[in-house]
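Written out below as structure tokens is the structure these notes cover.
Order of listing sets the numbers, starting from 1, for every ligand and every atom in it.
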Amino acid sequence: MEKKQIDWSNIGFGYMQTDKRYVSNYKEGRWDEGGLTSDANVVLNECAGVLQYAQTIFEGLKAYTTEDGRIVMFRPDMNAKRMVNSAKRLEMPVFPEERFIDAVTQTVKANAAYVPPYGSGATLYIRPYMFGSNPVIGVKPADEYQFRVFTTPVGPYFKGGAKPIVIKVSDFDRAAPHGTGHIKAGLNYAMSLHAIMTAHAEGFAENMYLDAATRTKVEETGGANFIFITKDNKVVTPKSDSILPSITRRSILYVAEKYLGLETEEREVCFDEVKDFAECGLCGTAAVISPVGKIVDHGTEICLPSGMDDMGPVTKKLYETLTGIQMGHIEAPEGWIKVVE
Ligand SMILES: *Cc1c(COP(=O)(O)O)cnc(C)c1O
């Protein structure tokens, strides 16, 4: 298979159309057999449920080339499971987990020419999603749905090393108690756009959201979970029903305990204790871990001791171990690496 002529290290994080995508339709209570298509456009009725009442969910994962030349995906079974939970919360039909894994595998295989080569730092981003497709005007769930998967090559998240970022404590809320913060739904992102544009305009890279009910506890950012490192090298991550359960964060906790012998804690994290942590990072598929150097709360600066030049030492160890597992330099826990071809 001949790779496409793409300047892999300079493509950024944008949409680039690839050759094939997967589509399956749900109608009269069942999913059809589904398959690949070349048509990148979706034609919908003007009253489609997704357009009127935002009934849509998604996932995000990556395929990449390991050192020995295999194309692999990282823990797609976790994305399949999470999408089941998202579907249930938005009254959408479940797309079976084994079919999800088959669909992403087929899509990656069909676009193998777009999977960046080993060492480029670039990856093939995979976007599975599902939406209500038939006309809905009275407020209720749609009767028909479409599940799709497309892929797009994305560049290395960090060009020239992972520099710590500065974030702010947001005055906006991301998710309500008992709301939809724990599922991967487009609606959580629609309402975060104003908050992120505001933060960017003020010169911050990201928002730290606090719990909406008391505004005393750390939740997450718009699209990444927090990890903190205590001064005695414990890995702490906030626990809350309104946080999206990041697969990267859950993998980091496992790696911390099982590979690095670090203690971990998933518990409520008061904003008041943030000033006492040694390191802070944001975790998600895109960057794996993005180090945070400074957190600003209405003019009060919390400067993490790890500073603004580099990732903190423990964060770096976690980052190197997890990316080493992903790239095949370090033996992966059973089932973490799914070989596509
Ligand atoms: C997708 C997402 C994350 C990161 O999850 P990963 O599975 O690690 O990619 C974190 N927070 C939110 C709100 C998300 O939507």
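Protein heavy atom at the shortest distance from atom 3 (C) of ligand 1 is G223 O, 3.3 Å. Of all protein heavy atoms, the one closest to atom 11 (N) of ligand 1 is E220 OE1, 2.6 Å. In this structure, atom 15 (O) of ligand 1 lies nearest to the protein heavy atom Y189 OH, 2.5 Å. Ranking protein heavy atoms by distance to atom 9 (O) of ligand 1, first place goes to T285 OG1, 2.6 Å. In terms of protein heavy atoms, atom 1 (C) of ligand 1 is closest to K184 NZ, 1.4 Å.
The heavy atom nearest to atom 7 (O) of ligand 1, out of those in M78, R249, R82, is found in R82. Closest to atom 4 (C) of ligand 1 by heavy atom, among P245, S246, G222, is S246.
If you number the atoms of ligand 1 from 1 as listed, the ones under 4.0 Å from a heavy atom of A224 come out as 10 (C), 11 (N). Annotation for ligand 1: atoms under 4.0 Å from non-hydrogen atoms of N225 are 10 (C), 11 (N). Taking every heavy atom of G284 and a limit of under 4.0 angstrom, the matching atoms of ligand 1 come to 4 (C), 8 (O), 9 (O).
Ring geometry for F228 versus F277: interplanar angle under 30°, hence parallel rather than tilted (30 to 60°). Between F95 and F147, the ring planes lie parallel to each other; the angle is under 30°, not in the 30° to 60° tilted range.
Below 3.5 Å of separation, one finds no N or O of R174 facing any N or O of ligand 1. When only interatomic distances are considered, the shortest N/O to N/O separation between I247 and ligand 1 falls below 3.5 Å.
D32 contributes a side-chain N or O that, together with a main-chain N or O of G34, makes up a donor-acceptor pair within less than 3.5 Å. In this structure, the side chain of R148 does not engage the main chain of R21 through any donor-acceptor pair within 3.5 Å.
Linking ILVMFWY residues whenever their side-chain heavy atoms come closer than 4.5 Å, directly or via other members, places I289 and Y64 in the same cluster.
Each of R127, K184, R82 was checked for a side chain to side chain donor-acceptor pair (under 3.5 Å) with E59, and the lone residue meeting it is R82. With Q106 as the fixed residue, the side chain to side chain contact (heavy atoms under 4.5 Å, CB included) test singles out one of V108, V104, D102: D102.
Between E266 and R249 there is a salt bridge, with a side-chain nitrogen of the basic residue lying less than 4.0 Å from a carboxylate oxygen of the acidic one.
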